[in-house]
Every structure is written in structure tokens, then in C-alpha cells.
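Per chain, numbering begins at 1; letters A, B, ... match sequence-line order. Owing to the predicted nature of the structure, the values given are computational and were not obtained by experimental measurement.
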Amino acid sequence: MARRAATRSAKSPAARHVTQIELELNGRVTRASVPDHWTLLEFLRKSAGLTGAKEGCNAGECGACTVLLDGVAVYACCVLAAETSGRRVMTIEGLGTPERLDPLQEAFLADDALQCGFCIPGQILAAKALLDAEPSPDRECVRRALSGNLCRCGCYVKIATAVLRAAAARREPER
Amino acid sequence: MSDDCAEKTVETELEIEGRKVKVRAQMERQLPPWGKTTLVGKSLRRVDGPDKVTGAARYTHDVQLPGMLYGKVLRSPHARARVAELGLSAAAKLPGVLAVLGPGDVRGVRLGGREVLSAEASYAGEEIAALAATDEETAEEALSLIRVRWEPLPHVLEPEDAMAPGAPALQPGGNVLGGGFGPQTPGKPEVYERGDAPAALEAAEVTLERIYETPAAQHACLETHGAVAAWDGDGLTVWESTQGVFFVRSALCEALGLPASRVRVLCPFMGGGFGSKNSADRYTLLAALLARRSGRPVRMVLSRREDFEAGAYRPASRQQLAIGLTRRGRIVALTSRAVNPVGSALEGHYFGSCVGPVQDFYSCANVRTENYAILTSSPPPSAFRAPGHVQGAFALEQLVDEAADELGLDPVRLRLANLSANDPDSGLPYASNGLASCLRLGAKAIGWDSRKPPRTKTGRFRSGLGVAIATWGAGGGPPAVAQIVLHEDGSVVVLTGACDLGTGTRTVMTQIAAEELGVAVSAVLVANGDTRTTPYCLPSFGSLTVASTGPAVRLAAAEVKRQLLDAASPILGAPASSLLVMRGKVRHAVTGKSVAVASIAASLPARMIVGTSQRGPNPDGVVLASFSAQFAQVEVDCRFGTVRVKRFVSAHDCGRVLNPATWSSQIQGGVLQGIGYALLEQRTRDPGTGRQLNAGLLDYKIPTVLDSPPEIEVIDAAPPYPANNIGAKGSGEPPIIPVAAAIANAVANATGRRLRTAPITPARLLAALSAEP
Ligand code: FES
Ligand code: FES
């Protein structure tokens, strides 16, 4: 668990207390020292160099920052980085790469379930949490599970279709 | 450029956001329409999709540079106030703060006629001071150390108050001006007139007069507005979440006195614009100024609250409409008197207009519109997806339905009977017009024939069907330049200034170039939205990108192909006219003898072929417009006053559909924003302070997936469109225009009650249900 080392930073009055954390980030054990008040989203974006989780509101209102914490979809802007020590975090970068896509990412492309793309990492991870827990959802179930992820481009119909497609692909991996 | 017509320029007209403008254009080489296509018209997957679904796409928010500072802005907490004293020194002394700017430090740096920092705030949220620090927390703390002595001034938020006698004059000419795009005369509306509407109304067999109101609605792009600025000597590089890198560049050059060659603006990915990101804003200039002062790159990204409070919005409207008809349902007169509150807009800004639909949806000889802009203590409004027409259609398309009810006529039939073969304003024919097919195909898809009158409906849940239409100038036009480079290995780069807002610009430009050149999609890379490397075009606004840049890309590809065939001719020992390009090979049409594109390019002295072309003029004597008819099926819960959109059908004529997948995504997105506008969205403010009460995504309600119908059926009802070489018109804005009216009409069909104020909230619906019909 976290070894808490409260140190005073000489550099900046705002970065006062720092905590050492050790977490499993996208499958890799990662150690870092983070300001106590930093959210997981700040840690990912500013320190870990993972910008796939987006900041749409920083207040738990949009879902653009959705990541998986021990397999559960959470708003990274509403979790303190210090709380993640000893836990598993997956961001969109840990799911697949442009060369090796996860079936969910593949399905979003196949159904064109994206426009500007800003909400999409969050949508995909919220969908992954759903499918890991419920491999055979119906459309209404998908809609409820994704209702905490806003898309201003209005991709909702195709996103639900893509998640259903991915669910089918995961149940029966082809070939 | 080898075009023999390169010298000739002509004047041509294009329509941008409902406004017709004249520009010069160079004559273009005429290309025959495509015959059978192999790529265009196919649902090619988004070429930038893999980057977007893996988090590899880098948006402006994601730009991180070594030594980058975080910029923050001090904003006015008052709706109108003078800064009597400003104390910046405590903030400047805070360790970690590297630059602080007040109005006195940036005097003369102007954007859209305004100083970039104000010593007198005209709205709550206006920028007063700015600073940059090594981290966000230090910047926030520094803001709290700025001392301001405010002298509050009387403010007005609502147009009625701004027009009342004794209201404080917000600008020297008074608070009442003409709407539209100016020039405005103080105290006078913008007037449009054809025929004699007052007399025709007087003489009409049936007349109706109604008032409709619409709210201030906000874009709420998921990526908030923002820029990152970095200097390198006297050169400036700016990443901006924008629809138009060249407009951002010219705003920066003008404000900072820099040559265009020294300013580079880039936007590789952006998280939504919808009209709110057409050019630079104050944060752009402040990022550049703070970066110059501190000698470090500066990131200036608005918080969600700032994005709402100081940001863009569709102005509200109050529209008084009248319609005159014959008993048989022929529209003979239309009038509108519209009031648009435009905040602190300055002369020359967008002044709001919602009278367009009354002028151009129907064949009607007698039309008069009066358009007022009212100044208030609010931010200036901005374009928002089909500016004006969304408000105007909410009014007109309900009025037409009310007239159908009055006359006992079917709303679809009434509309069909009053469609205009020619543009009602100019009398000129449309280059193509599929509106009647949109209505017929849409009605069939939604099951219009099963529509029952409201009196047959009882019980708590009542279902209804509604329809509404749209016309929108979406033919695009110059300026739009494209350059295509065929490299020595046969790979191709398409350079265009057009930003991809998520509409699929990169993907359809890939299709156009690959189709015309005869090479594989995988050989083509579209590089776009970078003022240093890509040629000029207008911002991605006004539904014009495909119809402006698309033809230029096809021309550039044709030019590259011409050079390629000329080079292949001696190799294959056949005239260029007998050769064609297929699957990456130049082939003789008869003998089948072929040579790879790559080996031709590599054999050239230059080792490359470059083709540059520009969008030519629009044809004279025709009007270019896209059309749409939309149908909503709603279920009203009469106990709670809620409306669910159960089904939606969206039929369009926007010419050739280049990519059905990206196209239908854009249409569905427009419908979703229309559903928000109809049922959920409105900016609300504290009248006492003028501050926004719902400046967040929890309280300013944009649709969630649960507000979306499970399916949105999209129908292509386009006849061939001959007015440009790719046969396509714009489709970005038409899908939002009729949505709110179609829903309101469906609610009326379900309940027998007219909701003439948007959004149709449960409170409004319950009030209407409890009133006498
Ligand atoms: S950024 Fe976390 S919910 Fe919006
Ligand atoms: S794709 Fe743009 S916000 Fe969802």
C-alpha cells in the first residue's frame, strides 16, 4: 500500500504534499510521487503521459475521463491519484493500439460510432466494464450502462449498436 | 499550374451560414461527372478512426510542451462594471507565476473591435486580467491574489428590459438595432420585403398570428475552447481547437502585427465546434501574449464553467409570425417580427437573425420580415449549427402545422402543396431540389398514414407524429485550395487546410483523391489543418467543407493524373489519352499493358508529381441549397409532462452522399442536438448578478443516450446535383434545423396542446395540459 511521505515542495506553493504511489497501470507496475490533491485524471494526463482519458468537465458530469479501476468504470476526475495505490488502472491506451485493436474498438470503427472522438475513450471503457460484467446485454441495458457518458456529436445510436456488435464478437470469437 | 484558364477570374456567390457573399474565383477545368465509382459513395471506415478509438489522437487539450505554463483568466463577477483599481503585484510575486497581464499591459491588442482585456466588463465572465504559472494550482492561487475594486454599473439581461424607457444605454447608439449581418441603423429593424404582405394578409381567407420563443442554447463541445501558444524567436506556433486554422491565423496576425509567414496554427484533432470555434478568441491571444512575456509555452484551456459563462451561444428569440392562406391551403402571405437579444455584440458582428425560414421555405409571393437585435449585458452570441434557421424553423414550421389544423388539412400535404420549384427569394431555379421526395419518403418511413387526430387519444401516455422541413444554402464555393503530392514510391499526400470536426473530412477527401487518381486508399494520406503546410480554405462552417474543398481535391487529383499519364505515355508507347490508372497501375485501355505508378514517379527528374488546384466559381443563374424533411414520433407522459422521442426519421437531399457511414453519423448528431434544443437546453441566469446558474454539464442539460431514440432512420432522397464536380452539397447543418418543430408538432398531435416556447419542459407541458384547450 501507499507509503505516505509528506514532503514540502520548495518549487511551488500549490504542490505541497506529495504521496508515493505504486499501482498497476495498463498491466505495468508503476511507481510515482503525486501531489496529494491530484486526481487520477491529473496523474494520468500530466505525469504518466496518458492523454487518452479526456477532461470534459473535471466534475463528474461528462464521462470523458472514464477509466477502469479494478475493472470498474470510474470517472478519473473524481478519484484521487493517491487512492489508486495497490490497485489496477486501465486507460484506453491499455486496451489496444491502432495496430492491435480490441474487439470493442474494432466495433466502434465498424459501426462508425464516433465523430470528433473526444468522448470515445470514455465510451469504450464504460462499455468494456459493462461487457466484462454482463456479456449479453440488450440495447436498453447498454443504454443504461452508458448513460453517464455524454457525446455532444450525438453518436448514441451507433455507439449502442457497436457495443452490441462487440458483445456478440466476444461471445463467439470468429475463426 | 498548367490550367489554361488559370488567368481568368470571375465573381461568384456563395452562401455562408445563411448569408450570401460575393467572392472572386478562378475558372476551373471542367471534369465530367464520375461514372461508376469504386470508393466514393462507399462506407469507407474513418481513416483517423484507429487513432480516435485508441487515445492516440492528440487534441489541443493534450498538447504538452517542455516548460509549458498554465494560463488562467480573471473574469468579471459582475454583469456590468468598471474596474476602478486593479492590483496585480501580489499575484505577480507569487513563486511560480511567470507572467501577469492587465488591461494596461495589452492596450491596443484587439480582437473583433474589442480590447483583449477589458477595464469595463459588459458581461459576467468577461476577461479582465490573465496570468501564467508553472502549474494550475499556482495559477488559481495567483488569481485569488488579484485585487480589484469594482464599480458596478446597472445591467440588463432581458430584451424587454433593454428596450424599456430609462434602460441604461449599453452602447452609444442605444440598445435597439437591426438584426442580421449589418450594417445596422440604430433603432431600426433589418427589413426584408417581397410583394405586399400586409395587404395580402388583410385579404387572405384564413389568417393566423402566433408568438414563438426560443432559448439561448450553448454548444457545449466536449472539448472546451483552448489554445497552446509557443514562440520561437519572433515566430509563433499555436495549437487551437478550431474549425478554421486560417481565420485563427489572421486574427493573431492582425492583433499582434505579425506576418502570416511567422504564425503557424495547427489543429490535428478537435473535440467539437458546431460554429463556436470559427476563429480565434481572447484566450488565443492571451496565450500568445503570456507566452511572449514569460518566454515559455502557455496552455490556455477554458474550464467547463468558463466555456459556458463566457462562451458562445445561439441567441434566444421572440418571433411574432402571421400567415395568410386560401381555404384550400395555398400560402399567400407570411410576416415575421423577430427580436434577437445579442448581448454585447459590436457592429459588424453576427447580430442574430431568425427570419430566414419565413423568406425561403415556401413559395409565397408576399413576405415581410422585421429583424431586431437588442443589446444586453451578456457575451456576444456566435454561430451555432444553422444559425437563425433553427430558431426560425421552430416558429414557422409550427405555424404551418397550426394552419393545417385550422383548415383541416394534412400537414404533409399542405407542405407539399406549398413547396417552391424555384428559390422563393430570387425566383431562380435550384440546381437540384429533392424536398418533395424527402417529405414523401420520410412520411412513408414513419408511417404517417397511421397518424390520428389528438381527440382520439386518452390516458396517461399519448403518442403523436410530427413533421417539419428545412432549406439551407449549402453549396459551398471558393476559396478552397488543395494540393496533392505523388511521391516517388507511389504514396500520395493530400494537403488541405480544412479541419476535420469529426464530420469525416479526412475520410471523404481520401476517397475523392483515391477515386480520381485510381490508387488504393491505403496509399493516400490526408494532411490537413496546418497553416504552415496546407493551402488556404475557409473554416469548416456553413456546411461548406465537402462542397468547397471536395471539388478542389478532385481537381488536384485530376491534375496529378494528367501529369502521370503524360509521363507514362512514352514508357508505354501510347498516347496519354489511351491510358488510365487502376489499382496503382497505369494501364493501356486496350492492350492492358501496364506500369506501376510508383515506377513512373521514380523515373521523373523531380521524383514527384505535384498538383495544385482551387475551387472554381459556382454556376450563375441557379440557387444551391440542401433540403430536409424530418419526422418525429413522441410519447407524452401526461402525468409528469415528459416527452420521449420514440422514433425519428430524417430525410435529406444534400446531393451525392460520399460516405454513407460518416454522413449518417453527422445526420444523427444533428438530430440529437435538435432533440436537446427542443426538450432540454436553455441557459439560465441569476437576474440579480447576471451570472449563469447552469454553467455545467449537470445543469445545462445536453442529451444523454437515454434521451436518444433507440434508432434514427436516415434517408437519402437526393436527385443528381450538377453544380460541382463531385455532385455533393453540404449536410452539416440541415439535420438540426427542423427537429424542434417536428417534435413540437408531434407533441401537439399527441395532446392537442401547442407548446410555442422551447424547450418543451415538463413544467411548460403540464401547464399547457392543465389549461383549457
Ligand atoms: S472530466 Fe470527469 S466526468 Fe467529466
Ligand atoms: S464523438 Fe464528439 S463528443 Fe462524442
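- Rounded to the nearest 0.5 Å, atoms SG (A:Cys62) and CG (B:Leu698) are 11.0 Å apart.
- Under the 4.0 Å criterion applied to side-chain N and carboxylate O atoms, B:Asp62 and A:Lys54 are assigned as salt-bridge partners.
- Separation of atoms CZ (A:Phe118) and OG1 (B:Thr224) is listed at 7.0 Å; rounding is to 0.5 Å.
- Heavy atoms closer than 4.5 Å to chain A are found in the side chain of B:Tyr70, but not in its backbone.
- Contacts between A:Ala110 and chain B at a heavy-atom distance below 4.5 Å involve backbone atoms as well as side-chain atoms.
- Ion pairing between B:Arg46 and A:Asp112 holds under the 4.0 Å rule for side-chain N and carboxylate O.
- Counting heavy atoms from C-beta on, the side chains of B:Val705 and A:Ile159 never come closer than 4.5 Å.
- Closest of all the heavy-atom pairs between A:Gly56 and B:Leu697 is O-CD1, 4.1 Å.
- A distance of 13.0 Å separates CZ in A:Phe108 from CZ in B:Arg45, rounded to the nearest 0.5 Å.
- In this structure, B:Phe274 CZ and A:Cys153 SG are separated by 4.0 Å, a value rounded to the nearest 0.5 Å.
- Heavy-atom distances place the side chain of A:Leu101, and not its backbone, under 4.5 Å from chain B.
- Heavy-atom pairs under 4.5 Å with chain A were tallied for B:Gly49, B:Ser708, B:Gly676, B:Ala57; the largest tally goes to B:Ser708.
- Note that CG of A:Leu114 is 6.0 Å distant from NZ of B:Lys52, once rounded to the nearest 0.5 Å.
- Heavy atoms of B:Ser664 lying under 4.5 Å from chain A belong to its backbone as well as its side chain.
- By number of non-hydrogen pairs under 4.5 angstrom with chain A, the leading residue of B:His219, B:Glu140, B:Arg58 is B:His219.
- Between B:Thr54 and A:Glu93, every side-chain heavy-atom pair lies at or beyond the 4.5 Å cut-off.
- In terms of heavy-atom pairs under 4.5 Å with chain A, the best-connected choice from B:Ala661, B:Gly55, B:Ser665, B:Gly669 is B:Ser665.
- The residues A:Arg152 and B:Glu681 are annotated as salt-bridged, a charged nitrogen and a carboxylate oxygen being separated by less than 4.0 angstrom.
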Would B:Arg304 and A:Glu55 count as a salt bridge (Lys or Arg N to Asp or Glu O under 4.0 Å) if you check the C-alpha gap in whole Å, the side-chain angles of each, and the deciding distance to 0.1 Å? CA-CA 9 Å; B:Arg304 180 54 64 189; A:Glu55 181 186 319; over 6 Å; no

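- A donor-acceptor pair is defined here as one N or O able to donate and one able to accept, closer than 3.5 Å; no such pair exists between the side chain of A:Gln115 and the backbone of B:Thr503.
- For A:Leu150, the parts sitting under 4.5 Å from any heavy atom of chain B are the backbone and the side chain alike.
- Interface remark: A:Arg45 contributes backbone and side-chain atoms alike to the contact with chain B (heavy atom separation under 4.5 Å).
- The part of B:Leu672 that comes within reach of chain A is its side chain, from C-beta onward, which places non-hydrogen atoms under 4.5 angstrom from that chain.
- Heavy atoms closer than 4.5 Å to chain A are found in both the backbone and the side chain of B:Ile712.
- No donor-acceptor distance shorter than 3.5 angstrom exists from the side chain of B:Tyr59 to the backbone of A:Thr51, with no hydrogens or angles considered.
- For B:Thr662, the parts sitting under 4.5 Å from any heavy atom of chain A are the backbone and the side chain alike.
- Only the backbone of A:Thr97 comes within less than 4.5 Å of a heavy atom in chain B; its side chain stays farther off.
- B:Glu711 has no carboxylate O lying under 4.0 Å from a charged side-chain N of A:Lys158, or vice versa, which leaves the two without a salt bridge.
- Two residues are said to be in side-chain contact when any heavy atoms from C-beta on lie closer than 4.5 Å; A:Leu109 and B:Pro50 meet this criterion.
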Would you please test A:Glu42 and B:Asp135 for side-chain contact (heavy atoms from CB on, under 4.5 Å) and show each step? CA-CA 11 Å; A:Glu42 283 177 286; B:Asp135 57 82; over 6 Å; no

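- Atom CG of residue B:Leu222 and atom SG of residue A:Cys119 lie 6.0 Å apart, to the nearest 0.5 angstrom.
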